[in-house]
Amino acid sequence: MVTDFGFLDYAVFTAYAVLILGVGLWVSRDKDGQQKNAEDYFLASKSLPWWAIGSSLIAANISAEQFIGMSGSGFALGLAIASYEWMAAFTLIIVGKYFLPIFIEKGIYTIPEFVEKRFSTNLKTILAIFWIALYVFVNLTTVLYLGGLAIETILGVDMIYAIIGLALFSAAYSLYGGLSAVAWTDVIQVVFLVLGGLVTTYLALNTVSDGAGVWQGLTTIYNAAPDRFVMILDKSNPEYMNLPGIGVLIGGLWVANIYYWGFNQYIIQRTLAAKSLREAQKGILLAGFLKIIIPLIVVIPGIAAYVIVNDPAIMARLGASAMVNLPGVGTADRAYPWLLHFLPAGLKGLAFAALAAAIVSSLASMLNSTSTIFTMDIYKQYINKNADDKTTVNVGRISGAVALLIAVLMAPLLGGIDQAFQFIQEYTGLVSPGILGVFLLGLFWKKTTNKAAIWGALLSVPIALFFKVGPKSWAAGTGIESFFPSLPWMDQMGYTTLLTIILIVILSLAQNKGQDDAKGIPLNKEIFKTSPLFNICSFAIILIVAVIYALFWK
């Protein structure tokens with residue numbers, strides 16, 4: 001099905017594209033004839049205010065994997081997928097209070113650089129390679145694929161051309177201007193993202209209620225599909241293996257969230273570019289509040305699409321065109337693009353601009369962080385230690401372009417993946433538990449040694465693979481396979497993290513005989529002291545999240 005875009009739709013989308021490129025290129029210019037240095041390019045001159053940080057965090061985070069993937073999961077399993085968003089709001093508070101003070105005090109460019117200061121260059125290199133591979137072959141590739149899928153579905157453009165177009169759009173300003181261009185355009189991207197997303201939600205719910213409004217639409221989809229509004233799934237639910245009940249609140253989801261928001265370069269980089277720690281913490285709070293409303297624009301439309309597809313009366317009202325490319329079992333990721341077909345002229349363009357903003361802003365952020373890690377942690381470490389600022393910035397641009405080219409070539413190979421959001425989380429989970437264990441102990445346990453951290457990071461991957469393949473598979477044919485349960489991948493992440501931490505602790509104690517490591521970080525209460533504003537807003541976020549879970553527990 002190809003959306004009938006009118007002149008007004010193209011005008012709205014063109015205005016968005018021109019605005020983003022114009023602002024991005026204007027911010028990217030060399031000021032007063034001065035050549036950009038490394039801090040200008042990779043950390044936006046450490047000048048970002050709180051509102052730019054908060055907006056950029058959300059723009060970097062929300063992408064096709066949320067608009068397309070999470071809406072698809074909303075269609076397939078319901079509101080439970082929103083735990084990623086609401087638990088993230090809680091996680092951001094932890095990051096702002098306990099992680100940022102240490103990172104900013106160290107004055108780092110990259111997360112691997114922190115690893116070098118706390119542990120060693122060898123471990124830094126191992127993790128830098130981990131992240132570059134993850135960004136190029138999982139994150140960039142999947143965002144391009146989902147974005148291409150959306151454009152193909154909505155406009156009828158062949159996927160490969162859609163992927164190339166998205167890649168060129170994101171590269172046009174991000175590779176030239178660096179983090180400054182990415183962060184300042186993200187402020188605009190978030191406006192389009194939220195506004196366009198809310199428009200889609202409004203019209204989806206209005207369609208369900210036959211013009212009776214949003215509240216009636218919410219009531220209708222709740223009554224029509226109450227099973228889609230259960231936050232904590234029980235074992236009888238077919239999606240339990242993806243979201244394993246209470247384990248979402250006390251298990252592996254914490255691993256995914258703390259790793260992502262606390263130790264993921266393309267997320268944490270904008271906080272490292274803040275004017276000050278207090279400014280970074282205020283930006284974190286803004287992002288936390290925005291995360292609370294994100295399910296309204298990425299999950300609720302998926303649930304609405306589920307109700308529409310399964311209600312013959314609504315489908316009859318929409319006409320024959322609604323029968324083309326229907327989302328369903330195995331094709332849940334069609335839900336959001338399918339909904340856009342029913343928006344009126346002008347609003348189609350706005351909703352499509354919101355989707356494009358989500359895709360392009362994330363691509364730009366991932367590109368910038370990939371080039372930052374390669375340049376600062378690989379190139380300057382092993383290839384040209386004495387590189388001047390001009391060379392460093394140019395290498396950043398070239399490495400970003402190479403990463404994007406690889407992702408463009410890989411993206412079409414992902415065809416056929418259903419619920420891509422879950423796919424990304426599951427495969428990121430192979431490396432994130434080990435990295436999380438290394439960082440938590442490196443930050444908060446002074447006895448952690450370099451050798452123990454290296455072994456922990458390396459051995460966490462086979463441990464994760466053991467759980468992923470499944471103890472049941474390993475025991476097949478032995479007669480004892482029934483004693484090994486099949487574990488949800490989220491629980492696998494939790495167990496992998498615990499085993500990695502235990503392994504690092506044992507090795508550290510054996511090596512240092514219980515003594516503090518020479519590079520251990522001295523901590524005191526003053527480091528984690530936060531302002532009254534941060535404390536009040538944090539309490540408000542926690543309270544809102546608690547109320548949501550109380551309302552939709554089961």
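FYI, side chains are in, hydrogens and waters are out, and symmetry mates aren't considered; it's all heavy atoms of this structure. Residues: numbered from 1 along the sequence shown.
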Does a donor on one side chain and an acceptor on the other come within less than 3.5 Å for [X] and [Y]?
X    : Y    : value
N264 : Y135 : yes
Y336 : T200 : yes
Q265 : T372 : no

Find the distance between [atom1] ([X]) and [atom2] ([Y]) and round it off to the nearest 0.5 Å.
X    : Y    : atom1 : atom2 : value
L363 : L404 : CG    : CG    : 7.0 Å
S362 : L166 : OG    : CG    : 11.5 Å
N368 : L175 : CG    : CG    : 9.0 Å
I359 : S170 : CD1   : OG    : 10.5 Å

- Message: With ring-ring contact (aromatic ring centres under 6.0 Å, His included) as the rule and sequence neighbours excluded, what pairs involving residues 311-332 come up?
- Response: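 Qualifying pairs, neighbours excluded: none.
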- Message: Test: ring-ring contact (aromatic ring centres under 6.0 Å, His included). Region: residues 202-227. Which pairs qualify, not counting sequence neighbours?
- Response: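 Non-adjacent pairs meeting ring-ring contact (aromatic ring centres under 6.0 Å, His included): Y222-F229.
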Assert yes or no for the condition that the ring centre distance of [X] to [Y] is strictly below 6.0 Å.
X    : Y    : answer
F90  : W254 : yes
F7   : Y10  : no
Y259 : F439 : no

Which pair of non-hydrogen atoms, one from [X] and one from [Y], has the smallest distance, and what is that distance?
X    : Y    : answer
G245 : Y240 : N-CE1, 3.5 Å
V307 : V208 : CG1-CG1, 4.4 Å
A304 : I221 : CA-CG2, 4.1 Å
V255 : G494 : CG2-CA, 4.1 Å

Check whether [X] reaches the backbone of [Y] with its side chain - one donor and one acceptor, N or O, closer than 3.5 Å.
X    : Y    : result
S71  : P301 : no
W86  : I292 : yes
T141 : V136 : yes
S369 : M366 : no
T201 : L296 : yes
R228 : L79  : no

Any side-chain heavy-atom pair of [X] and [Y] under 4.5 Å:
X    : Y    : result
L77  : L243 : yes
I300 : L218 : yes
F192 : L350 : yes
D9   : F352 : no
W261 : N61  : yes
Y145 : P412 : no
T497 : S432 : no
L233 : P244 : no

With sequence neighbours excluded, residues passing side chain to side chain contact (heavy atoms under 4.5 Å, CB included) with [X]:
X    : value
S56  : A183, D186, R270
A172 : L21
I246 : L249, I250, W553
S209 : N206, A212, Q216

- Message: Surrounding CZ of F289 (heavy atoms of other residues, nucleotides or ligands, distance under 6.0 Å), is the total greater than 12?
- Response: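 It does: F289 CZ has more than 12 such atoms within range.
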- Message: Counting only heavy atoms not in Y98 (residues, nucleotides, ligands), do more than 12 fall under 6.0 Å from its OH?
- Response: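 Incorrect, the count does not exceed 12.
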- Mind checking what makes salt bridge (charged side-chain N to carboxylate O under 4.0 Å, His left out) contact with D210, not counting sequence neighbours?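 Partners of D210 under the salt bridge (charged side-chain N to carboxylate O under 4.0 Å, His left out) test: R317.
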- Item | Pairing residues for K282 by the salt bridge (charged side-chain N to carboxylate O under 4.0 Å, His left out) criterion, not counting sequence neighbours |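 E279.
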- Pair listing, side chain to side chain donor-acceptor pair (under 3.5 Å) test, anchored in residues 538-549, at least two apart: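 Pairs touching residues 538-549 that pass the test: S83-Y549.
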- Test log, rule side chain to side chain contact (heavy atoms under 4.5 Å, CB included), inputs I297 and L193: CA-CA 9 Å; I297 64 177; L193 188 156; 3.9 Å; yes
- Query: Among all residues two or more places apart in sequence or in another chain, which pass the side-chain hydrogen bond (donor to acceptor under 3.5 Å, both in side chains) test with N310?
  - Reply: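 Scan of N310 (side-chain hydrogen bond (donor to acceptor under 3.5 Å, both in side chains), adjacent residues dropped) gives none.
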- Does the pair T185 and S361 meet the rule for a side chain to side chain contact (heavy atoms under 4.5 Å, CB included), with working shown? CA-CA 8 Å; T185 53; S361 61; over 6 Å; no
- Query: Between F130 and I373, is a side chain to side chain contact (heavy atoms under 4.5 Å, CB included) present by the stated rule, with each step listed?
  - Reply: CA-CA 11 Å; F130 265 174; I373 292 176; over 6 Å; no
- Item | Pairs touching residues 284-303 that satisfy salt bridge (charged side-chain N to carboxylate O under 4.0 Å, His left out), sequence neighbours left out |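 Only E85-K291 qualify under salt bridge (charged side-chain N to carboxylate O under 4.0 Å, His left out).
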Mind listing the side-chain donor-acceptor pairs of residues 155-165 below 3.5 Å, one per line with the distance, residues two or more places apart or on another chain?
residue: D158; atom: OD2; partner: I160; partner atom: N; Å: 3.2

